[in-house]
Amino acid sequence: MARRRLRVAVLYPRVMNLYGDRGNVMALQARAAARDVDLEVDSIEIGDGWAPDETDIVLIGGGQDREQRRVQADLHARSRALQDFRDADGVILAVCGGYQLFGRSYRDNHGGVLRGAGVFDMVSIHPGPRIQRCVGNVVALWEGDTLVGFENHGGRSYLNEGTIPLAEVVVGFGNNGGDGLEGARIRNAFGTYLHGALLPKNPRFADRLLQLALQRRYGENELVPLSDAAEIRAHAETLHRSLRGRR
Amino acid sequence: MIRTGRTQAALLAGKTVRAAARRLGHGGTALPGLVAERVDPDLVRALGAQLECSALITGTNGKTTTARLLASILQEAGRTVVHNRAGSNLMRGLAAALVEAAGKDGRLPQSAVGVFEVDEATLPSAAAATPPQVLVINNLLRDQLDRYGEIDAIRERWQHAIRSLPASTTVALNADDPLVATLADDVRGPVRFFGIEDELDSVDDHAAEAHWHPETGAEFVYDRIFYAHIGHWRCADDGRSRPNPEACARGIAPAAGGVAFLMEIDEASTQVGLPLAGLYNIYNALAAATAATVLGADLDSTTTALAGARAAFGRQECLSSDGHVVRILLGKNPAGLNEALRTLQGRDDALHLLVLLNDGLADGRDISWIWDTEWEALAPRVDSVVVGGRRAADMALRLEYAGFPAPRARQADIGRALDRALAGLPDDAELTVLPTYTALLDVRARLSARAGAPPIWEEA
């Protein structure tokens, strides 16, 4: 099979990388390489150009509220392009602070309202510095499997009708600690509060992103399975730590 | 000396608990302080008032080492020091040190100097209870976000604490950490900066945290980064830049088991041989020397004490077990672990590692930070690795990504992990242990028990 190529655009990697989110890029790179797919990574900082037509996957990680305020104007200016990319079945993964910014709006810890990229039909609200943050290990049910990771967010996210949840919370808070939902999905765009980093120890979910991108670019449906022994052990360990709570 | 019956009762309660704990074999814990503080919440203020002067030391990394260095400089200068040496850096730890130093009548030794390391979040209450002659802030790095919240919140706490200090307090700040140096704006009294004046190679760390001035929003740009976001910085837009340090290190060169450098403080200078490796220990030495100058110690005492420095508990500490040298390098957050890994890259023997990752409250329950640590460069030097701790599988996955050899063993139980790591070592090979905080306590206790004694020897 001819060598294939995918391009990943990482938004604001310098500042939106609070919780080891670069592990997500490393996971996609390693898993693509194992399938003879070259993954090229473009870092898009504030003011940088971006070519959506040449992009297969968009990633954004987490950041403090300060960082989110900082990138908000630049991100908002890209709303149209990101929504078009979503509607063209481009693959998106937005994590934690990036997830909040990919909704319609985020009222932050200072009460200011940040307009989001509108990729997800969702609003997020920070209930103020006196209210407990949502912190801890998370287990969520996703397509008959589990997603595991760690969440640490002040804002609470609420999905509107155009957006379906990514997963159902088994342990943890998820979107808002109330409705039992975690994350968001529209077409090939995924949002989640889970970091850990998320993709290294959720290999099926990582492969789903790759497979959707390969299908869109090359019409391929199948990925050669990998052994994933270390990945599955890390997944199981996180499950165990989450279900047992603190010892 | 003791004004209230409550303080007297607290002191006796603390001393009783301490004696009991010693009999049961628990030395140096904060329990006496905890009990004494329960009886009299004002105890630290009441006893601390007798100190001739004191230093508070905070920062994300380097508190324990800096406090130890400062205490030994002051002792070298002939001073009597009250020091929370056991590393318990909450109010109870300060209380425990004061209870231990006080007589039954509540008197501290004549002209005693307090040297207290304080937890980042404890600084405001510690500074209110014992206003120090000098406050040292070494760095502000990402650590335990699940416990402290985002690092902006810690810096705001420090600002409040600094604003309420008397104008007689000198604040010693790391010139090279922009999140710390810019705290000078809030200081009412004198400020002393310390930093590195050297053209070392710049590094690019994924643990870097400071991108913009916390108040003005101006972007920080760097001529040189020493580690994390610490280096020679300036603001892109408004002309503000790293202040010139009053205490600095120049001409840094590796030396046997540590580093050598020229230390300049104001007009004076001295050649320092510090038997502790790593740039972060140069900052610790500069911080201690700066505080010592404020407290009146002479430069000769500083030079002598630094040359005789010993590694603090688990900080490049060397023990011996089963005929092997066992070196422990605590790595509890990305900046600290990255510096430890860089220290290891400077060695020329093949490495045998025991990497221990726990996710207890004191470690931070969130272990995602391991993806911001730079193991890749070390991989070619690693001969064998054993992973342990409650998140051993997560660490094993991180190391697989870094291109490490497959682990010889993975054991959640730290005792078993240690057994496996020691059992497979070639003769004469050294074992390097990289633990998180609670894993350090665990593995250190086991190593002491194996050796049947406290550390046989310590060095850099």
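Below, chain A is the first sequence line, B the second, and so on; all start at residue 1.
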Which atoms of A:N137 come close to chain B, meaning under 4.5 Å heavy atom to heavy atom: side chain ones, backbone ones, both, or neither?
both
What distance separates [X] [atom1] from [Y] [atom2], expressed to the nearest 0.5 Å?
{"X": "A:N17", "Y": "B:R142", "atom1": "CG", "atom2": "CZ", "value": "6.0 Å"}
{"X": "A:H195", "Y": "B:I367", "atom1": "NE2", "atom2": "CD1", "value": "9.0 Å"}
{"X": "A:T238", "Y": "B:R391", "atom1": "OG1", "atom2": "CZ", "value": "4.0 Å"}
{"X": "A:Q64", "Y": "B:D152", "atom1": "CD", "atom2": "CG", "value": "4.0 Å"}

Identify the two heavy atoms, one from [X] and one from [Y], that lie closest to each other, and give their separation to 0.1 Å.
{"X": "A:R241", "Y": "B:D359", "value": "NH2-OD1, 2.5 Å"}
{"X": "B:L397", "Y": "A:A234", "value": "CD2-CB, 3.8 Å"}
{"X": "A:G23", "Y": "B:W371", "value": "CA-CE3, 3.7 Å"}
{"X": "B:S368", "Y": "A:A197", "value": "CB-N, 4.2 Å"}

Hey, is [atom1] on [X] packed in by over 12 heavy atoms from elsewhere, all under 6.0 Å?
{"X": "B:R381", "atom1": "CZ", "result": "yes"}
{"X": "B:R446", "atom1": "CZ", "result": "yes"}
{"X": "A:R185", "atom1": "CZ", "result": "yes"}
{"X": "A:Q132", "atom1": "CD", "result": "no"}

So does [Y] get a backbone contact from the side chain of [X], meaning a donor-acceptor N/O pair under 3.5 Å?
{"X": "B:H211", "Y": "A:R14", "answer": "yes"}
{"X": "A:R22", "Y": "B:D372", "answer": "no"}
{"X": "A:R70", "Y": "B:G217", "answer": "yes"}

Within a strict 4.5 Å, meaning less than it, do heavy atoms of the [X] and [Y] side chains meet?
{"X": "A:E67", "Y": "B:W212", "value": "yes"}
{"X": "B:E376", "Y": "A:M26", "value": "yes"}
{"X": "A:Y19", "Y": "B:D366", "value": "yes"}
{"X": "B:E400", "Y": "A:E231", "value": "yes"}

Should A:R66 and B:E156 be marked as a salt bridge (charged side-chain N to carboxylate O under 4.0 Å, His left out) after you check the CA-CA gap, both sets of side-chain angles, and the distance that decides it?
CA-CA 13 Å; A:R66 170 161 57 109; B:E156 280 168 28; over 6 Å; no
Non-hydrogen atoms of chain A under 4.5 Å away: do they reach the side chain of B:R410, the backbone, both or neither?
side chain
Considering only heavy atoms, which portion of B:A392 lies under 4.5 Å from any heavy atom of chain A: side chain, backbone, both, or neither?
both
By side-chain contact (heavy atoms from CB on, under 4.5 Å), which residues pair with A:T146, not counting sequence neighbours?
A:V139, A:L141, A:H235, A:L239
Identify which of A:G154, A:P129, A:G196, A:A229 forms the greatest number of heavy-atom pairs closer than 4.5 Å to chain B.
A:G196
Go through B:A393, B:P407, B:P214 and name the one with the most non-hydrogen pairs under 4.5 angstrom from chain A.
B:A393
Do B:D394 and A:R233 pass the side-chain contact (heavy atoms from CB on, under 4.5 Å) test, and can you show the C-alpha distance, the side-chain angles, and the key distance before you say yes or no?
CA-CA 8 Å; B:D394 263 285; A:R233 268 194 291 263; over 6 Å; no
